[in-house]
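A short worksheet on the structure shown next.
These numbers come from a predicted model, not from an experiment.
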Amino acid sequence: MIYYDNASTTYPKFNRVYDGTMELYKEIGINFTRNSSDKSKNAKEIKKNLINNIKNIFSTKNEVILNSSATFSCNEIILGLNYKNIKTIYISPFEHNSIYRVIKKVAKEKNIELKILKFKKFELDLEDMNLQFLSQKPDLIILNHASNVFGNILPVLDIFEAGKRYDAITVLDASQTGGVLDFSEISEIADFIVFAGHKNLYGPSGIGGYIYNKKISLKPLLYGGTGIKSEDEEMPEELPERFEAGSPNILGMIGLKIATNELLEIGIENIKSKKEQNFKKLYELLEEYSYDIKIHSEKEKNIGVLSITGFDYSPQELEEIMNDNEIITRRGMHCAPLAHHHIGTQDGGTLRFSVGYFNSDNDLEVLKEILDSIF
């Protein structure tokens with residue numbers, strides 16, 4: 001089986017994630033927020049080390065909140081903000097539904113103006129943005145760091161810096177970029193950074209979170225037991241407990257801690273370099289079939305995601321052929337209809353290839369054989 005659906009969930013993971021997670025879980029897999037046993041202390045140490053790894057990967061000193069997913073994080077942030085002084089929200093045309101559906105709900109319910117930044121295909125219209133900001137100042141800016149459909153990396157720093165001149169709150173969805181890109185500058189200016197454990201952090205599904213600038217007021221999305229101040233009717237003010245109601249996902253924390261250990265040991269730059277090599281080779285292979293397919297992504301400034309459509313085959317037909325030959329891709333709208341409308345692929349979507357650290361030259365050779373048999 002050849003796997004080109006890493007934008008959904010990276011596969012395979014590092015061997016240590018498979019080998020070590022259950023072994024540790026057998027040893028310390030308890031509710032460590034509810035007692036003070038030695039097992040709890042060991043489990044808390046796992047969580048502490050994981051948080052340190054996340055801070056290292058994202059170059060931040062801000063608070064790290066752990067939860068079930070990037071989607072949960074986006075909901076908690078967007079629904080938990082105080083909208084008293086938020087009148088205008090700006091997003092990009094590349095937002096995932098975990099952002100877009102939530103922000104549409106908020107804009108409708110609170111009668112807030114929702115504006116989409118102008119892009120010429122994948123290039124930000126900087127002049128238009130500055131005019132927009134001057135006309136209607138940004139109170140909240142939410143951006144997808146890189147499109148999960150086309151892979152283009154957005155000029156987040158330029159947009160956030162412009163927004164901060166108007167004191168905008170800044171939210172970054174780094175689901176596709178965490179573990180690959182350098183965040184040292186962005187972390188200084190982003191109030192929230194959302195991450196997904198199962199993508200380029202190479203952890204298991206069911207664990208994610210966000211980095212939180214605690215100067216921004218935020219209400220929890222989930223209410224319940226936290227293991228502290230049980231006598232209080234309200235959620236505690238202490239962080240991170242205020243946003244971590246319920247029993248923690250210690251299995252996920254163990255897996256993500258092991259994965260991020262491995263990631264940092266290999267080195268983010270090395271991970272990025274390998275992904276870039278894999279993407280370049282894939283792109284150049286698909287370019288050989290330009291009479292039969294259209295590549296909608298660009299080679300430069302790409303996180304490793306490539307979308308195509310066929311001239312004689314629908315994305316669904318192409319995916320079925322790939323599946324029959326044990327090549328895993330993804331077809332359709334990829335939970336980001338806004339991006340398809342922007343590029344013009346809304347009728348049927350695209351077939352998406354997304355590379356990972358573990359893709360090989362052999363994967364390309366097999367894919368070439370399949371493409372030769374199709375076209």
Side-chain angles (χ1 to χ4, degrees), residues 3-14 16-18 21 50 53-54 56-58 64-75 77 94-99 143-154 156 171-183 186 190 192-211 249 251-264 266-276 278-279 282 297 302-307 328-330 334-336 339 352-359:
Y3 190 75
Y4 278 121
D5 194 23
N6 289 279
S8 294
T9 299
T10 49
Y11 180 87
K13 309 297 184 183
F14 303 117
R16 291 183 191 176
V17 176
Y18 298 122
T21 299
L50 168 57
N53 285 354
I54 295 295
N56 194 339
I57 290 166
F58 289 96
V64 174
I65 307 298
L66 298 173
N67 53 42
S68 62
S69 66
T71 297
F72 187 96
S73 298
C74 293
N75 274 262
I77 293 165
F94 300 101
E95 301 311 314
H96 188 278
N97 274 342
S98 59
I99 292 285
L143 297 176
N144 196 345
H145 200 178
S147 170
N148 69 306
V149 182
F150 303 104
N152 55 299
I153 301 168
L154 277 65
V156 169
V171 181
L172 181 66
D173 180 356
S175 296
Q176 296 294 333
T177 57
V180 182
L181 298 187
D182 178 8
F183 283 80
I186 293 171
F192 299 89
I193 300 177
V194 173
F195 61 88
H198 65 285
K199 297 185 189 286
N200 286 306
L201 298 181
Y202 288 90
S205 298
I207 184 76
Y210 59 95
I211 294 156
N249 178 8
L251 182 63
M253 290 180 190
I254 292 169
L256 189 54
K257 183 261 185 185
I258 294 172
T260 51
N261 279 353
E262 188 81 355
L263 184 74
L264 291 167
I266 294 170
I268 290 174
E269 274 300 318
N270 292 327
I271 297 279
K272 179 185 177 186
S273 177
K274 181 70 183 300
K275 279 198 67 173
E276 287 176 342
N278 287 337
F279 178 73
L282 174 63
S297 301
N302 195 296
I303 199 63
V305 178
L306 189 157
S307 268
I328 308 302
T329 57
R330 184 182 176 185
H334 317 295
C335 303
R352 185 185 71 182
F353 294 82
S354 47
V355 301
Y357 178 71
F358 293 104
N359 285 116

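- In this structure, a donor-acceptor pair under 3.5 Å is absent between the side chains of Asn249 and Ser68.
- Atom CG of Leu181 is separated from atom CD1 of Ile153 by 5.0 Å, given to the nearest 0.5 angstrom.
- Aromatic ring orientation, Phe192 versus Tyr210: tilted (interplanar angle from 30° to 60°).
- Of the possible donor and acceptor atoms, none in the side chain of Asn53 sits under 3.5 Å from a partner among the backbone N and O of Asn56.
- Panel note: side chain Asn270, backbone Ile266; a donor-acceptor pair is recorded below 3.5 Å.
- Pairing each heavy atom of Pro204 with each of Gly255, the nearest pair is CD-C, 3.6 Å.
- Closest heavy-atom contact between Val180 and Ile268: O-CG2, 3.4 Å.
- A donor-acceptor pair shorter than 3.5 Å can be found between the side chains of Ser8 and Arg352.
- To the nearest 0.5 Å, atom CG of residue Leu282 and atom OH of residue Tyr4 are 5.5 Å apart.
- Remark: side-chain polar atoms of Ser297 are paired, donor with acceptor, to backbone N or O of Phe150 under 3.5 angstrom.
- Counting heavy atoms from C-beta on, the side chains of Phe279 and Leu306 come closer than 4.5 Å.
- No side-chain heavy atom of Phe358 sits less than 4.5 Å from a side-chain heavy atom of Tyr3.
- Not one N or O on the side chain of Asn75 forms a donor-acceptor pair closer than 3.5 Å with the backbone of Phe72.
- Under the 3.5 Å distance criterion, the side-chain polar atoms of Tyr357 are left unmatched by any main-chain donor or acceptor of Tyr202.
- Counting all heavy atoms, side chain and backbone alike, Ala196 lies closest to Ala70 at CB-CB, 4.0 Å.
- Side-chain atoms of Ser175 and Asn148, non-hydrogen and from C-beta on, never get closer than 4.5 Å to each other.
- A 4.5 Å side-chain heavy-atom check between Tyr11 and Ile328 finds every atom pair outside the cut-off.
- A distance-only check finds no donor-acceptor pair linking the side chain of His334 to the backbone of Ala336 [under 3.5 Å].
- Atom-to-atom distance recorded for Leu154:CG and Phe94:CZ is 6.0 Å, nearest 0.5 angstrom.
- In this model, no donor atom of one side chain and acceptor atom of the other lie less than 3.5 Å apart for Lys275 and Asn6.
- A heavy-atom distance below 4.5 Å is found between the side chains of Asp5 and Ser354.
- Using a 4.5 Å heavy-atom threshold, the side chains of Phe195 and Leu172 count as separate.
- Considering OG of Ser273 and CG of Asn278, their distance stands at 9.5 Å, rounded to 0.5 Å.
- Rounded to the nearest 0.5 angstrom, Thr71 OG1 and Ile99 CD1 are separated by 9.0 Å.
- The ring pair (Phe, Tyr, Trp, His ring centres under 6.0 Å) test applied to His145 returns Phe183, not counting sequence neighbours.
- Scanning both residues, Ile207 and Gly252, for their nearest heavy atoms gives CG2-O, 3.9 Å.
- Note that OG1 of Thr21 and CZ of Arg16 are 12.0 Å apart. Values are rounded to the nearest 0.5 Å.
- When all heavy atoms of Lys199 and Thr10 are compared, the closest pair comes out as O-OG1, 2.6 Å.
- The shortest side-chain heavy-atom distance between Leu50 and Ile54 falls under the 4.5 Å cut-off.
- Contact record, Gln176 with Ile303: O-CG1, 3.4 Å, taken as the closest heavy-atom pair.
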